[in-house]
Amino acid sequence: MSDQKKPKTIDIRISEIYDQLTNSERRLSNVVMESQSNLASFTAGELADRANVSKATAARFFKRLGYANYNEVRRINRQTEDWGSPLYELTGIGTKRLSQGDFGLHIAQDLQNLTRTAEMLDAENLAEAIDKLVNAKRIWSLGFRNSTALAFYARALLTNLKPDVRLIPSAGMSFGEELAGMNEDDAFLIFGFRRRPAQLRDVMEAIHAAGPTSILITDMTASRTSQLATITLRCHCRGHTMFDSYATPMSLINYICSGVSQSLGDQAVQRLREIEQLHGKLDQLDASVTE
């Protein structure tokens, strides 16, 4: 199958019109996304039942994505689920596939997540996100539950480039105390991967009302929270086994922060130089010290 003839995957089709979908269509799209790896094994009625929507809604949904009907979705899924996929390339087919717990299949799933996310993300949105962070006077990095680790990593990179980068929530502090004084010159880098606590939406509503830019990095299932963000960047994070994988958002953080560094140019170099001088004075990273 040539690249020219290869059809758009269903996740890319959904992402292109996601903001235009009704609430019931979004529920169905979330079910479809979660079932994408074995979509051909489900009937349209089964997907509709899982999303709690009518069969008529499901029929309209697939036509809206550009398919003649759901049978076309299943046919394309059967034809393309292996070809060109890292899962196929690394693990073979049929009896040659590695066992479920094999590390090779785990890595293959991460590669597939990275590839699908790269195909889906809009270059203009990425460039705008970088520009907003470059021009912000103050940056806030925010995440709950598993997303806290992503927020921490983003803050660790950005603090090498800009002087006022804050990680929230801080231990022992309330959001009222921390967010007081936020304004339109600020930028929030928000990580909202499932399962999202209700408090995330409350905080995003407060940010939205105050006027700062908010960049939401999330998975394919976010709906209501994405409506409150200035920019939404979605990542595939399906894990090979029971846990979601965060390889793709970690890579995206690295890309965005590298873009901020390149845009800041001499400003970033000067800050890094100052940081290195302080490391030397404080002996925190003395290369002569053996572990």
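Quick caveat: nothing in here was measured; it's all calculated off a predicted structure.
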Asker: Under the side-chain contact (heavy atoms from CB on, under 4.5 Å) rule, what do Met120 and Ile14 come out as? Steps first, then yes or no, please.
Answerer: CA-CA 10 Å; Met120 178 184 62; Ile14 289 174; over 6 Å; no
Asker: Is it true that a side-chain atom of Ser251 and a backbone atom of Thr248 form a donor plus acceptor pair closer than 3.5 Å?
Answerer: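 Between the backbone of Thr248 and the side chain of Ser251 there is no qualifying donor-acceptor contact (under 3.5 Å).
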Asker: Checking the side chain of Asp110 only, and the main-chain atoms of Ser245 only, is there a donor and an acceptor separated by less than 3.5 Å?
Answerer: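 Pair absent, no side-chain N/O of Asp110 close to backbone of Ser245.
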Asker: Please confirm whether the backbone N or O of Phe62 pairs with a side-chain atom of Arg13, one donor and one acceptor, at under 3.5 Å?
Answerer: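 Absent.
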Asker: Are Leu272 and Val165 co-members of a hydrophobic cluster defined by side-chain heavy atoms under 4.5 Å apart?
Answerer: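 No, Val165 and Leu272 fall in different hydrophobic clusters.
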Asker: Report yes or no: does Thr117 contribute a side-chain atom to a donor-acceptor pair with the main-chain N or O of His236 at less than 3.5 Å?
Answerer: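 Side chain of Thr117 to backbone of His236: a pair is present.
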Asker: Please tell me if the side chains of Leu233 and Ile256 come closer than 4.5 Å, counting only heavy atoms from C-beta onward.
Answerer: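 Counting from C-beta outward, Leu233 and Ile256 do come under 4.5 Å.
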Asker: Angle class for the Tyr246/Phe193 ring planes (parallel below 30°, perpendicular above 60°, tilted otherwise)?
Answerer: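 The arrangement is perpendicular - the two ring planes meet at more than 60°.
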Asker: I'd like to know if the side chain of Asn69 reaches the main chain of Glu72, judged simply by a donor and an acceptor atom lying under 3.5 Å from each other, with no hydrogens or angles considered.
Answerer: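 Between the backbone of Glu72 and the side chain of Asn69 there is a qualifying donor-acceptor contact (under 3.5 Å).
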Asker: So, does Ser141 use its side chain to make a donor-acceptor pair with the main chain of Arg166 at under 3.5 Å?
Answerer: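 Not confirmed, Ser141 side chain does not pair with Arg166 backbone.
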Asker: Closest heavy-atom contact between Ala58 and Leu28?
Answerer: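 Looks like CA-CD2, 3.6 Å.
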Asker: Please indicate whether Asn183 has more than 12 foreign heavy atoms, meaning atoms of other residues, nucleotides or ligands, lying under 6.0 Å from its CG.
Answerer: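 For Asn183, atom CG is crowded (more than 12 foreign heavy atoms under 6.0 Å).
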Asker: With a 4.5 Å cut-off on side-chain heavy-atom distances among I, L, V, M, F, W and Y, is there a chain of contacts connecting Tyr70 to Phe61?
Answerer: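 Tyr70 clusters together with Phe61.
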Asker: Which residue in the set Ile207, Ile217, Thr225 passes side-chain contact (heavy atoms from CB on, under 4.5 Å) when paired with Ile190?
Answerer: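 Only one of Ile207, Ile217, Thr225 forms a side-chain contact (heavy atoms from CB on, under 4.5 Å) with Ile190, namely Ile207.
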Asker: Is any NZ, NE, NH1 or NH2 atom of the basic residue among Arg64 and Glu25 found under 4.0 Å from an Asp or Glu carboxylate oxygen of the other?
Answerer: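 Judged by the 4.0 Å cut-off on N to carboxylate O distance, Arg64 and Glu25 do form a salt bridge.
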Asker: Got Leu179 and Ile168 here, is their nearest side-chain heavy-atom distance under 4.5 Å?
Answerer: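 When only atoms from C-beta onward are counted, Ile168 and Leu179 do touch, with a gap below 4.5 Å.
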Asker: To the nearest 0.5 Å, what is the distance between SG (Cys257) and CZ (Arg155)?
Answerer: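 Nearest 0.5 Å value for the SG-CZ distance: 12.0 Å.
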Asker: Looking at Arg145, Arg238, Arg195, Arg194, which hits salt bridge (Lys or Arg N to Asp or Glu O under 4.0 Å) with Asp244?
Answerer: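 So the option named by the test is Arg194.
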Asker: Could you check whether any side-chain N or O of Arg234 sits under 3.5 Å from a backbone N or O of Asp219, counting only pairs where one atom can act as donor and the other as acceptor?
Answerer: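 A pair under 3.5 Å: yes.
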Asker: Would you say that more than 12 heavy atoms from the other residues, nucleotides or ligands in this model lie under 6.0 Å from the CD of Glu124, or not?
Answerer: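 Check fails, neighbour count at 12 or below.
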Asker: Using a 3.5 Å distance criterion without hydrogens, assess whether the side chain of Arg27 forms a donor-acceptor pair with backbone atoms of Ala51.
Answerer: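 Side chain of Arg27 to backbone of Ala51, a donor-acceptor pair under 3.5 Å: yes, one is there.
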Asker: Between Ser258 and Asn254, is there a donor-acceptor pair closer than 3.5 Å when you use the side chain of the first and the backbone of the second?
Answerer: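 Checking the backbone N and O of Asn254 against the side chain of Ser258, a donor-acceptor pair under 3.5 Å is found.
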Asker: Looking at every non-hydrogen atom in both residues, tell me the closest pair between Ala247 and Leu114 and how far apart they are.
Answerer: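 Between these two residues, the closest heavy atoms are O-CD2, 4.3 Å.
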Asker: Please walk me through it: do Phe175 and Phe144 pass ring pair (Phe, Tyr, Trp, His ring centres under 6.0 Å)?
Answerer: CA-CA 13 Å; Phe175 274 106; Phe144 292 98; 5.8 Å; yes
Asker: Does CD in Glu184 sit with more than 12 non-hydrogen atoms of other residues, nucleotides or ligands closer than 6.0 Å?
Answerer: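 Count not over threshold, so no.
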Asker: Are Val32 and Ile17 joined in one hydrophobic group, where the rule is that I, L, V, M, F, W and Y side chains link up if heavy atoms are under 4.5 Å apart?
Answerer: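 Yes, it is one cluster - the side chains of Val32 and Ile17 are joined through contacts under 4.5 Å.
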Asker: Quick one: are Tyr255 and Leu126 in side-chain contact, heavy atoms under 4.5 Å?
Answerer: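 A side-chain contact exists here, since the closest heavy-atom pair is under 4.5 Å.
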Asker: Is there a side-chain contact (heavy atoms from CB on, under 4.5 Å) between Asn30 and Met220? Walk through the geometry before answering.
Answerer: CA-CA 7 Å; Asn30 294 340; Met220 305 304 299; 5.9 Å; no
Asker: Can you name the closest pair of heavy atoms from Leu216 and Gly192 and give their distance?
Answerer: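 Heavy-atom minimum between the residues: CD1-N, 3.9 Å.
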Asker: Assigning hydrophobic clusters by single linkage (Ile, Leu, Val, Met, Phe, Trp, Tyr; side-chain heavy-atom cutoff under 4.5 Å), is Met250 placed with Leu167?
Answerer: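 Different clusters: Met250 never reaches Leu167 through Ile, Leu, Val, Met, Phe, Trp or Tyr contacts under 4.5 Å.
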Asker: For Ala136 and Asp186, which heavy atoms make the closest approach, and how far apart are they?
Answerer: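 Scanning both residues completely, I find the closest heavy atoms to be CB-C, 4.2 Å.
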Asker: Evaluate Ile76 against Tyr67 for side-chain contact (heavy atoms from CB on, under 4.5 Å), listing each step before the verdict.
Answerer: CA-CA 10 Å; Ile76 292 175; Tyr67 299 104; 3.9 Å; yes
Asker: Working note: Asn125 + Leu121, criterion side-chain contact (heavy atoms from CB on, under 4.5 Å); need CA distance, chi angles, decisive distance, verdict.
Answerer: CA-CA 8 Å; Asn125 284 344; Leu121 285 178; over 6 Å; no
Asker: So which atom in Pro169 and which in Gly143 form the shortest heavy-atom distance, rounded to 0.1 Å?
Answerer: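 The pair with the smallest heavy-atom distance is CD-O, 3.8 Å.
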Asker: Side-chain heavy atoms under 4.5 angstrom apart, residues restricted to Ile, Leu, Val, Met, Phe, Trp, Tyr: same cluster for Ile253 and Leu158?
Answerer: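 Looking at the clustering, Leu158 is in the same group as Ile253.
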Asker: Can you find a side-chain donor-acceptor pair between Thr57 and Arg60 that sits under 3.5 Å?
Answerer: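 Yes, a side-chain donor-acceptor pair sits under 3.5 Å.
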Asker: For Glu178 and Ser170, does a side-chain donor sit closer than 3.5 Å to a side-chain acceptor?
Answerer: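 Looking only at side-chain atoms, Ser170 and Glu178 do form a donor-acceptor pair, the distance falling under 3.5 Å.
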Asker: Is the number of heavy atoms from other residues, nucleotides or ligands under 6.0 Å of Lys162 NZ greater than 12?
Answerer: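 Yes.
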Asker: Would Glu205 and Arg201 pass as an ion pair if we require N to O under 4.0 Å?
Answerer: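 The answer is yes: the pair qualifies as a salt bridge.
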Asker: Nearest heavy-atom pair of Met182 and Ala210: which atoms, and what distance?
Answerer: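 What the structure gives for the nearest pair is CE-CB, 3.7 Å.
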